[in-house]
Amino acid sequence: MLFQSDFFFAPIKLITSPEAQAKSSMELENIILLLCLGVALALSIYNLFIFIGSGERMYLFYALATFCYMWGWVHVFGVLELITQNTYPGLLMPPFLLGALCTVYFAIDFLNLKVNYPKLTYTLYGVAIFSLISTPFAFFNPSLGLLLASVGTGLILTIGLIAGIICWRNGYGPAKYFVFAFLAMVIPNMVGNMINLGLLSGVNLNIYLLGLMGNTLDSLLLAFALAEKVKMTNADNVDLTQNLEKKVLQRTEELKKATEKAEKATNAKSDFLAKMSHEIRTPMNAVIGLSRLTLKTTLDAKQKDYVDKILDSGESLLGLINDILDFSKIEAGKLTIENKPFEVHKLLRQSVNLSAINAHAKGLELITDIDPNIPSVMIGDPL
């Protein structure tokens with residue numbers, strides 16, 4: 001008997017059975033086929049809507065991968081060919097390559113490989129490039145496409161399984177469903193290949209239906225994996241919120257203690273400044289008072305000049321002491337700026353006298369030159 005086909009799947013095996021049994025087997029296979037395709041389509045649409053709502057890329061890649069694999073199995077079982085009465089050999093293997101491409105990006109996002117395992121990520125990117133480049137060849141040459149699709153899906157299953165096991169061993173909970181999902185695809189394909197090779201000659205199974213069931217189980221387990229990831233993320237968010245509340249309370253308590261400590265330090269500083277100002281002001285009042293009394297006695301010009309400078313310096317120093325006291329007034333919100341008449345010439349002379357002695361010791365002479373247009377009396381805070 002001679003068979004001719006535009007593409008091939010596996011060695012042809014002819015099985016004879018009673019008509020009733022064959023009919024019953026065919027009806028069961030059709031039910032399983034429709035159920036698997038329906039589940040795959042429902043999962044694709046559902047996760048596509050989740051992607052639209054959440055913006056999470058892994059839902060999009062999951063939906064696309066599931067749809068591509070479903071579309072490939074539709075051609076494997078000849079559903080579209082049965083409806084249209086035409087064959088489409090070029091559309092048989094490209095969906096499986098595109099499914100492998102989408103699975104790569106799903107695995108990278110789902111397992112957080114880009115952050116935690118960059119080498120695995122680059123390896124999977126290589127599989128994605130291979131699948132993308134192979135797609136046109138699979139379209140124009142179905143026989144070559146079967147080989148390329150086998151390599152592409154084999155690579156993503158192998159590397160993805162390794163990545164999932166690594167993530168699972170390192171404590172990433174959702175990875176266990178990911179591993180089981182990939183095993184659900186690997187095992188049926190291994191059984192099918194062993195049947196084709198005659199290693200399981202006593203087993204009469206529809207290997208394509210077995211592969212479809214494995215693919216559907218893979219999609220279901222990946223859906224569980226996504227749900228587990230969402231659950232873990234929600235738990236992490238709850239823990240983060242609770243820890244954040246604890247940290248806020250702890251920080252508030254620390255801030256309260258720091259504020260109390262700062263207030264005590266400020267009060268202590270204010271008390272110190274007030275006491276020191278008072279203690280220093282007392283002898284300064286004596287210096288200023290005695291200087292004024294001395295100026296009323298008989299003095300020569302040089303002595304009078306010295307006492308004048310002592311008086312001016314004492315008054316300036318007393319002003320500085322009052323400034324120190326003003327710091328405590330600032331913190332208490334009680335500082336007031338004076339607005340009174342003062343003599344500009346006298347103010348400048350007092351300022352120069354503070355530095356005159358040090359300047360003279362260095363052989364320098366300080367000269368004050370005031371423009372005649374400057375008013376002799378101004379209003380403000382001279383200190």
Side-chain angles (χ1 to χ4, degrees), residues 9-11 32-33 36-37 39-40 43-44 58 61-62 64-73 76-77 92-93 95-111 113 117 120-121 123-128 130-131 134 138 145-170 172-201 203 205-226 228-229:
F9 302 111
I32 295 174
L33 171 64
C36 291
L37 295 179
V39 169
L43 289 173
S44 298
M58 61 181 178
F61 292 130
Y62 171 86
L64 291 176
T66 304
F67 180 81
C68 287
Y69 287 132
M70 179 197 68
W71 184 251
W73 286 112
V76 168
F77 284 95
L92 178 62
M93 289 302 161
F96 290 100
L97 287 165
L98 293 176
L101 173 67
C102 295
T103 303
V104 164
Y105 286 97
F106 170 77
I108 292 172
D109 286 352
F110 179 79
L111 297 175
L113 297 180
Y117 307 99
L120 279 173
T121 302
T123 305
L124 286 172
Y125 280 148
V127 177
F130 171 82
S131 299
S134 299
L146 175 62
L147 177 62
L148 294 174
S150 299
V151 173
T153 53
L155 286 173
I156 180 56
L157 287 175
T158 303
I159 301 172
L161 192 59
I162 293 172
I165 292 172
I166 292 174
C167 293
W168 186 7
R169 290 187 62 183
N170 289 336
Y172 184 57
K176 62 178 177 288
Y177 291 105
F178 185 90
V179 171
F180 292 146
F182 272 51
L183 286 175
M185 286 189 69
V186 170
I187 294 174
N189 282 283
M190 289 179 59
V191 172
N193 291 332
M194 292 174 70
I195 292 175
N196 283 336
L197 294 173
L199 299 177
L200 295 176
S201 56
V203 179
L205 291 175
N206 187 330
I207 60 172
Y208 310 124
L209 190 63
L210 191 64
L212 173 62
M213 292 170 63
N215 216 147
T216 305
L217 184 57
D218 166 79
S219 299
L220 287 171
L221 289 171
L222 287 180
F224 280 112
L226 285 170
E228 183 71 13
K229 183 179 178 70

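For this chain, numbers begin at 1 and follow the sequence in order. Everything numeric in this text was worked out from a predicted model, so none of it was measured.
To the nearest 0.5 angstrom, S219 atom OG is 7.5 Å from M185 atom CE. Distance CG/L120 to CG/L111: 9.0 Å, rounded to 0.5 Å. If you take CG on L33 and CG on L212, they are separated by 6.0 Å, rounding to the nearest 0.5 Å. The distance from the CG atom of L101 to the SG atom of C68 is 8.5 Å, given to the nearest 0.5 Å. Rounded to the nearest 0.5 angstrom, L217 CG and L222 CG are separated by 9.5 Å.
Note: W73 and F77 have tilted aromatic rings, judged against thresholds of 30 and 60 degrees for the angle between ring planes. Note: Y125 and Y105 have tilted aromatic rings, judged against thresholds of 30 and 60 degrees for the angle between ring planes. Taking the six-membered ring where the residue is Trp, Y177 and F224 present parallel rings, their angle staying beneath 30° rather than reaching 60°.
For the pair F110 and P174, the minimum side-chain heavy-atom distance is below 4.5 Å. Looking at heavy atoms from C-beta onward, L97 lies out of side-chain contact with T153 at the 4.5 angstrom threshold. Between T66 and D218, the closest side-chain pair of non-hydrogen atoms is not below 4.5 Å. Between T103 and F61 there is no side-chain heavy-atom pair separated by less than 4.5 Å. Taking the side chain as every heavy atom from C-beta outward, T158 and F182 never approach each other to under 4.5 Å. Contact of the W168 side chain with the F180 side chain is registered, since non-hydrogen atoms from C-beta on lie closer than 4.5 Å. No side-chain heavy atom of L148 sits less than 4.5 Å from a side-chain heavy atom of M93. Contact annotation: the side chain of K229 approaches that of Y172 to within less than 4.5 Å [non-hydrogen atoms, C-beta and beyond].
Closest approach of I156 to L124, counting heavy atoms only: CD1-CD2, 3.7 Å. Across all their heavy atoms, P188 and G214 have their closest contact at CG-CA, 3.7 Å. Across all non-hydrogen atoms, the minimal contact from F178 to G164 is CD2-CA, 3.9 Å. Minimum interatomic distance between Y62 and A223 (heavy atoms only, all atoms of both residues): OH-CB, 3.8 Å.
Judged by distance alone, the side chain of S44 and the main-chain N or O of F67 form a donor-acceptor pair under 3.5 Å. A donor-acceptor pair under 3.5 Å links the side-chain atoms of T121 to the main chain of L113, judged by distance alone.
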**OP:** Decide yes or no on side-chain contact (heavy atoms from CB on, under 4.5 Å) for L37 and W71, but give the supporting numbers first.
**Re:** CA-CA 9 Å; L37 295 179; W71 184 251; over 6 Å; no
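A donor-acceptor pair shorter than 3.5 Å can be found between the side chains of Y117 and N170.
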